[in-house]
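Since the structure is predicted, the reported quantities are computational estimates derived from the model, not experimental observations. Read the numbers this way: they start at 1 and go in the same order the structure lists the ligands and their atoms. When reading the values below, keep in mind they use all heavy atoms of this one structure, side chains included, and skip hydrogens, waters and symmetry mates.
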Amino acid sequence: MLISRRAALAAALASSGWLLAACNKPAPEAAAPAAPASAASVAAAPAPKVYTVGTDATYAPFEFQNEKGEIVGFDIDVMRAAAEKAGIQVQFVATPWEGAFNALAQGDRDALVSAITITDERKQTLDFSEPYFEAHQLIAVPEKSKVAKLDDLKKKKVGVQTSTTGEEVVVKLQGKTSDLIKRFESVPLALTELAAGGVDAVVADNGVVEAYVANNPNAKFKSVNDSSFAPEMYGIAVRKGNTELLQKINTGLAAIKADGTYQKIHDQYFKAGK
Ligand code: ARG
């Protein structure tokens with residue numbers, strides 16, 4: 001009894017000690033020896049800010065993780081190139097789509113690049129860069145499906161990524177309360193469900209659907225367009241009122257559009273010349 005109590009106490013002390021040590025561990029910037037007072041002006045030179053850029057890296061070819069787990073894609077290259085022109089440093093952080101806008105609002109991310117469609121609703125809570133890409137919705141169905149237009153999905157089970165413009169389109173078609181709308185955390189999850197027969201179709205951005213259909217021939221999917229699918233423009237999002245960063249991003253975007261860098265990146269990912 002006594003022994004076990006002692007053991008428990010020792011364990012508690014050890015763990016609290018460990019916790020304390022962990023808490024006291026200096027932040028990396030604080031690890032440098034304190035600058036003498038005379039060097040104050042030198043020490044005051046601000047370290048270059050690294051902007052954290054959130055991205056839901058499940059959206060090939062716009063943002064995804066390669067075999068090495070690195071975040072890559074069209075959006076990443078555009079953002080990186082624009083940042084370079086603007087003279088700012090960026091670091092990409094995998095950020096689930098749901099919660100990304102909150103992470104931005106709360107300051108956990110400085111910007112989001114994630115094939116985000118510029119919408120009036122979103123503009124109320126965040127600011128967008130100038131548009132950098134045009135997209136539209138597209139339907140993915142099994143090759144043998146008879147679905148030929150959006151209206152054919154009226155009474156079908158449709159998979160969408162939660163809180164996307166794809167969801168909006170299907171909500172508009174079936175009504176907000178339709179239990180035929182199946183919401184997924186990511187488009188790949190919705191497409192996996194399509195392959196498994198759990199849904200009859202998936203509605204998502206054209207670039208993602210096209211890439212998936214082309215790169216997964218074994219899934220035997222086809223894409224179906226609809227004339228009602230409106231053009232959507234992608235923008236880079238920053239916190240509302242963060243004009244300083246927004247201006248830098250816009251300057252960078254304008255520079256890569258002007259000098260051909262943007263076109264080069266575009267051609268690398270979308271060879272068909274859209
Ligand atoms: N463009 C669509 C929207 O803004 C879908 C974007 C989803 N992006 C992503 N990386 N999962 O609603």
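- Both cation-pi conditions hold for K49 and Y51: the charged atom is under 6.0 angstrom from the six-membered ring centre and inside a 45 degree cone around its axis.
- Comment: E167 engages R183 in a salt bridge, judged by a side-chain N to carboxylate O separation of less than 4.0 angstrom.
- The pair E84-R80 does not meet the salt-bridge criterion, since no charged nitrogen lies less than 4.0 angstrom from a carboxylate oxygen.
- Two residues are said to be in side-chain contact when any heavy atoms from C-beta on lie closer than 4.5 Å; M79 and V53 meet this criterion.
- Note on K146 versus D152: no salt bridge recorded, every NZ/NE/NH1/NH2 to OD/OE distance being 4.0 Å or above.
- Closer than 4.0 angstrom to ligand 1 by heavy atom are D56, Y59, E63, W97, S114, A115, I116, T117, R122, Q161, T164, T165, D205, Y234, sorted by chain and number.
- Taking 4.0 Å as the cut-off between side-chain N and carboxylate O, K157 and D200 do not count as a salt-bridged pair.
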